[in-house]
Each structure stands twice: as C-alpha cells, then as structure tokens.
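Please read the structure below before turning to the comments.
Every chain is numbered from 1 and lettered A, B, ... according to where its sequence line falls, protein lines coming before strand lines. All values below were derived from every heavy atom in this structure, side-chain atoms included, with hydrogens, water molecules and symmetry-related copies excluded.
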Amino acid sequence: MSSDFYRNVYRVVAEIPEGKVTTYGAIATCLGVASGARMVGYALNQLIHEKSDEPLPAHRVVNRLGQLTGRAWFPGDTMRERLEQEGVRFTEEYTVDIDKHFWDPGLNI
DNA sequence: CTAATGACGACAC
DNA sequence: CGTGTCGCCATTA
C-alpha cells in the first residue's frame, strides 16, 4: 500500500505553510498527473486511517473553488477553525479565499 | 482481467 | 447561473 504516489502527496501536503492553502489539482499537477486531482483526494482519504505521529495538514487542502470539501472528514468544524486560526480568510462559511491564500507546490517543493 | 469508486475538474445543457 | 455528465488515474473489489 502507500505507493510512491501517496508519499508524494503526503510530502507536498506536509510542506504547505501555515496560513496558506492549496488545491487538489495543484498537487496533482506538481506530481505530474495534472488530471489526477481525484487521486490526491483519494490519497488523503487513505491518510485518515493512517497513523502518524504528526498528522498532515490536510485541512489546508481544498478544491479549486476553495471549498472545504474535506470538512466531513474532520470532527465538527475542526478544519474551518484551524484554517481560520492560521489567518486564512473565508469568503463563505466553508469556503476559503483561495485567491489570496493559494500556495503552489511547484514553486516551493 | 473487468468493473466500480473517489476529500476533483472542466465542459455541456 | 445551477445542475448534470464525462474524463482523469490509481486503488480496491
């Protein structure tokens, strides 16, 4: 399990700076599979049952619209609260200002 | 090996 | 402008 693809996703997600967010598509593109946005989400989905001493900041990964599609995988509003706590602006209750806090992995990884 | 699924994305209607 | 449908690629059944 945990193919290189997964580790790749985990590494990118782990590099997301606080107060910044990125999209599934951006990560996928960074990994080489531009159309593998679904795979990124799938990889993160596996990370739920994956035990880690230091959980990955998956809450900083949103879809291209900035919507917290993964909020359902976090208890309560943990995802929204954490992002808000890091200084991320919200255009809506569950939508971040992706345009101002977008972080491109390709420019930093 | 074939079929189905998925924390998405883009396009069609 | 909101909804629906297909495509994308890896993993699982």
What integer distance in Å separates A:Tyr10:OH from B:dA7:C1'? 12 Å
What's A:Ala58 touching, base or sugar-phosphate or nothing? Going by heavy atoms closer than 4.0 Å. base
note: A:Gln46, atom CD; C:dT11, atom C1'; distance rounded to Å ~ 8 Å
Protein-nucleotide distance (A:Ile48, atom CD1; C:dT11, atom P), rounded to Å: 17 Å
How close or far is atom C1' of B:dA10 from atom CG of A:Leu65, stated in whole angstroms? 11 Å
What nucleotide, of C:dT11, B:dC8, B:dA7, holds the atom closest to the side chain of A:Ala37? B:dC8
Length of the CZ-P vector between A:Phe5 and C:dC8, whole Å: 16 Å
Value in whole Å for how far the C1' atom of B:dA7 lies from CD1 of A:Ile98: 14 Å
State whether A:Arg64 places a side-chain N or O below 4.0 Å from either non-bridging phosphate oxygen (OP1 or OP2) of B:dA10. yes
Side chains of A:Leu44 and A:Val13, heavy atoms from C-beta outward: is any pair under 4.5 Å? yes
Under 4.0 Å, heavy atoms only, any strand: does A:Asn63 hit a base, just the sugar-phosphate, or nothing? sugar-phosphate
Within less than 4.0 Å of OP1 or OP2 of C:dT11, is there a side-chain N or O belonging to A:Ser3? yes
Starting at OH of A:Tyr42 and ending at C1' of C:dG7, how long is that distance when rounded to a whole Å? 18 Å
For A:Tyr6 and B:dA7, what is the distance between atoms OH and P respectively, to the nearest whole Å? 12 Å
Got a sec, which pairs hit side chain to side chain donor-acceptor pair (under 3.5 Å) with one end in residues 75-92 of chain A, sequence neighbours left out? A:His59-A:Glu86, A:Arg60-A:Glu86, A:Asp77-A:Tyr94, A:Arg80-A:Glu84
Measure the spacing between OH of A:Tyr6 and OH of A:Tyr42 and express it to the nearest 0.5 Å. 5.0 Å
For A:His101 and A:Gly19, indicate whether the former's side chain and the latter's backbone hold a donor-acceptor pair under 3.5 Å. yes
Would a distance-only check, ignoring hydrogens and angles, find a side-chain to backbone donor-acceptor pair under 3.5 Å from A:Thr22 to A:Trp103? yes
Does B:dC8 have OP1 or OP2 under 4.0 Å away from a side-chain N or O of A:Thr23? no
On the side chain of A:Arg38, is there an atom forming a donor-acceptor pair with the base of C:dG7 - under 3.5 Å, no angle test? yes
